[in-house]
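Data block below; observations after.
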Amino acid sequence: MKGLSVLAAVLIFAGGAAPSFAGVVDDLLVGYKALGVADFSAARGKEMWTKEFKSAKTGKTISCATCHTTDLKQASKHAETGEAIEPLAPSVNPKRLADPKFVEKWFGRNCKQTLGRECTAQEKGDFLMFMRAW
Amino acid sequence: MKNRNVLWIALLGATLTAGLAGSAWSDDDYRKFKKGMRGGPDVAKAENPAYVKECGSCHFAYQPGFLPSESWIKLMAGLADHFGDNAELAPEDQKSITDYLTANSADKSGQKAAVKIMKSIKTSQPPLRITQTPYFVHEHREIPLKLYKDNPKVKSLSHCNRCHVNAGEGSFNEHEVNIPGVGRWED
């Protein structure tokens, strides 16, 4: 009996510790809240996803969808190089949103590239809500 | 050309028979034979995992032996504006990857392509692009623009691995070229 409950505890612990996008996203959201953001919205994230900016570097029009498309369950291509990009939706690609360092690195690169500046904590949280909803 | 191919097959066949009979082939020779690789690699393979991961996400992870140290140092110092894209790294990766690239750059390599690239660069300001080194330009001068620039499966000469089927192995022999939608290169 005692053995069983230990086993159950181990199983629960292992389940909780396994890398899952839900845990990673939640942790990131907690971090953004600590910076003063009140609430996050998938709808705002969606709107921002297709918002077009004019790149100061290349003069071209660019949005998140330029490389990731608007169907996050599909593989896509980097608009300049044509390199394959695996689907961003964690529901079909469990490797997505599973490593906070990786997520922040690409937010850093992609926000500067697309918006011409870093994304705010609010914007990053909205994007995560949008991506997770797929 | 046909005759040359027949000769190659005959030669390879003979070597294989000899190899099987005498077991004179090393594992490495056999691997090259299976992949259709001819001769040794033109540059050393890119084997640093951090490099391949960080610098291989938007394009082919170019072997460090394709550019001199000076080019790599300059390129690594400007990742915020990297040929129009943003490729910034975490500070620790920035340092380890710069060290890896400069320790294995063209000026420090003995492989064929690395030596030829170094010889071809005559200015004190080497280009940041492999595709702008004189050796590269010379080797690719006969390929019509329409086979890459107007070919959506290739896009530009910067995407080595789309034509050179053994690019990842560091082998760029002209007989191992297969241009997407076009086919093998015969000159």
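A, B, ... follow the sequence lines: proteins, then strands. Residue 1 opens every chain.
One distance of note links NE2 of B:His59 with NE2 of A:His78; it measures 8.0 Å at 0.5 Å rounding. Atom CH2 of residue A:Trp106 and atom OG of residue B:Ser57 lie 4.0 Å apart, to the nearest 0.5 angstrom. With rounding to the nearest 0.5 angstrom, the CD atom of A:Glu83 is 11.0 Å from the NZ atom of B:Lys155.
Checked by atom type and distance alone, the side chain of A:Gln113 pairs as donor or acceptor with a backbone atom of B:Gly84 at under 3.5 Å.
The cluster map of Ile, Leu, Val, Met, Phe, Trp and Tyr, joined by side-chain heavy atoms under 4.5 Å apart, puts B:Val115 and B:Ile130 in different clusters. In terms of hydrophobic clustering, with Ile, Leu, Val, Met, Phe, Trp and Tyr side chains grouped at heavy-atom distances under 4.5 Å, B:Ile143 and B:Leu145 are assigned to a common cluster. Residues B:Tyr148 and B:Ile179 are members of one and the same hydrophobic cluster, defined by side-chain heavy-atom contacts under 4.5 angstrom among Ile, Leu, Val, Met, Phe, Trp and Tyr. A:Leu97 and A:Ile85 end up in different hydrophobic clusters when Ile, Leu, Val, Met, Phe, Trp and Tyr side chains are linked at under 4.5 Å. Follow the hydrophobic side-chain contacts under 4.5 Å out from B:Phe66 and you never reach B:Met118; the two are in separate clusters.
Neither the backbone nor the side chain of A:Lys77 comes within contact range of chain B; no heavy atom of the residue lies under 4.5 Å from a heavy atom of that chain. Only the backbone of B:Phe60 comes within contact range of chain A, judged by heavy atoms closer than 4.5 Å. Residue A:Thr81 touches chain B through both its backbone and its side chain, counting heavy-atom pairs closer than 4.5 Å.
Taking a 6.0 Å sphere around CD of A:Glu104, one finds it holds more than 12 heavy atoms contributed by other residues, nucleotides or ligands.
Between B:Leu89 and A:Arg109, the closest side-chain pair of non-hydrogen atoms falls below 4.5 Å.
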